[in-house]
Amino acid sequence: MAEETTTETTTEETKPGPGTETTEEWKPPTKAEYEAKLAELARVNAESAGRRVKLKELEQKNETDADKAKREALEAATALYKPTAIKASAKSALLEADAKTDRVAALAGLLDVSKLDIDDKGGITGLDAEVKRVKAEYPEFFKTEGEGDKPRPGKLTPGGKQAAETTKTAGEIIAARYGG
């Protein structure tokens, strides 16, 4: 009988574990990988939104009269504050995207409000995509690099005070006061 010899290799020695250091460094994803993840995220978010709609429909089918009255009151209240909240958030997002301050109200009107919604945490869903869309369609209404808000002549500075022309010493102020 021939004896078979087997060699066993342990992979535990090659695997990093607690106390062992790896020489691999984290590498950022490529642009294609990043865009693929963004597309996947958008798909998953759309799927989630669809499921929330279906869940809401099922809840409405099985609700009592008291629950129905409560839901309708909540919907009425939401209809009152939702446009204001979306408008304020849209203006803020446009300013963060470097929109020219004199064009923010007009740009907010260009956003497709039907694609925007308020989530459970009070955030506006779909706002980033809409701001990117408007920025791509109307780049002339956004600041370019190196362009900032320049104070207009004759206007007050942000502190509400005019900038002092020159600073005078205490002796100069007293001399000017007493005709010296």
Side-chain angles (χ1 to χ4, degrees), residues 11-63 67-68 70-152 157-158:
T11 56
E12 294 175 357
E13 296 173 7
T14 59
K15 289 184 181 177
T20 61
E21 294 184 28
T22 61
T23 57
E24 287 187 39
E25 290 187 25
W26 179 82
K27 294 179 185 175
T30 63
K31 185 175 182 181
E33 292 172 337
Y34 176 73
E35 288 174 353
K37 288 292 181 184
L38 284 179
E40 182 181 352
L41 177 64
R43 181 190 60 79
V44 170
N45 283 341
E47 182 180 323
S48 177
R51 289 182 179 178
R52 281 193 301 271
V53 168
K54 288 179 184 177
L55 180 63
K56 189 174 183 180
E57 289 172 358
L58 289 173
E59 287 174 348
Q60 287 178 2
K61 285 181 183 178
N62 297 326
E63 68 185 359
D67 291 337
K68 184 177 181 180
K70 182 179 176 182
R71 178 184 50 83
E72 289 173 351
L74 181 63
E75 288 173 355
T78 303
L80 288 175
Y81 77 81
K82 182 180 176 182
T84 305
I86 287 177
K87 187 176 180 181
S89 294
K91 286 181 178 181
S92 175
L94 287 165
L95 286 172
E96 287 178 12
D98 292 331
K100 293 182 179 177
T101 54
D102 59 336
R103 297 293 184 184
V104 172
L107 289 170
L110 295 172
L111 296 174
D112 187 1
V113 181
S114 66
K115 294 182 179 178
L116 305 178
D117 197 16
I118 300 175
D119 62 12
D120 296 337
K121 297 179 182 177
I124 308 297
T125 56
L127 184 59
D128 293 335
E130 278 299 298
V131 169
K132 286 179 185 176
R133 181 189 63 80
V134 169
K135 190 172 185 176
E137 288 181 20
Y138 303 96
E140 64 273 11
F141 296 134
F142 291 84
K143 298 174 192 168
T144 58
E145 289 186 31
E147 180 184 356
D149 284 333
K150 297 174 185 164
R152 298 180 193 161
T157 58

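For D67, the side-chain contact (heavy atoms from CB on, under 4.5 Å) partners are E63, T64, not counting sequence neighbours. Contacts of D112 classified as side-chain hydrogen bond (donor to acceptor under 3.5 Å, both in side chains), with partners at least two apart in sequence or in another chain: S114. Every salt bridge (charged side-chain N to carboxylate O under 4.0 Å, His left out) that R133 has, sequence neighbours left out, goes to E130, E137.
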Solution key, residues 28-36 side-chain donor-acceptor pairs under 3.5 Å, sequence neighbours excluded:
| from | atom 1 | to | atom 2 | distance (Å) |
| --- | --- | --- | --- | --- |
| T30 | OG1 | E33 | N | 3.2 |
| E33 | OE1 | T30 | N | 2.9 |

Going by atom type alone, with no hydrogens or angles, which donor-acceptor pairs under 3.5 Å involve a side-chain atom of residues 79-98 and a protein atom two or more places apart or on another chain?
| from | atom 1 | to | atom 2 | distance (Å) |
| --- | --- | --- | --- | --- |
| K82 | NZ | D117 | OD1 | 3.3 |
| S89 | OG | A85 | O | 3.1 |

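For residues 50-62, the set of pairs meeting the salt bridge (Lys or Arg N to Asp or Glu O under 4.0 Å) definition, not counting sequence neighbours, comprises E47-R51.
Using a 4.5 Å cut-off on side-chain heavy atoms (C-beta onward), V131 and L107 make no contact.
The minimum heavy-atom distance between V134 and F142, with the atom names listed, is O-CE1, 4.0 Å.
Atom OG1 of T125 sits about 7.0 Å away from atom CG of L116, to the nearest 0.5 Å. For the atom pair CZ (F141) and OG1 (T101), the distance works out to 13.0 Å, reported to the nearest 0.5 Å.
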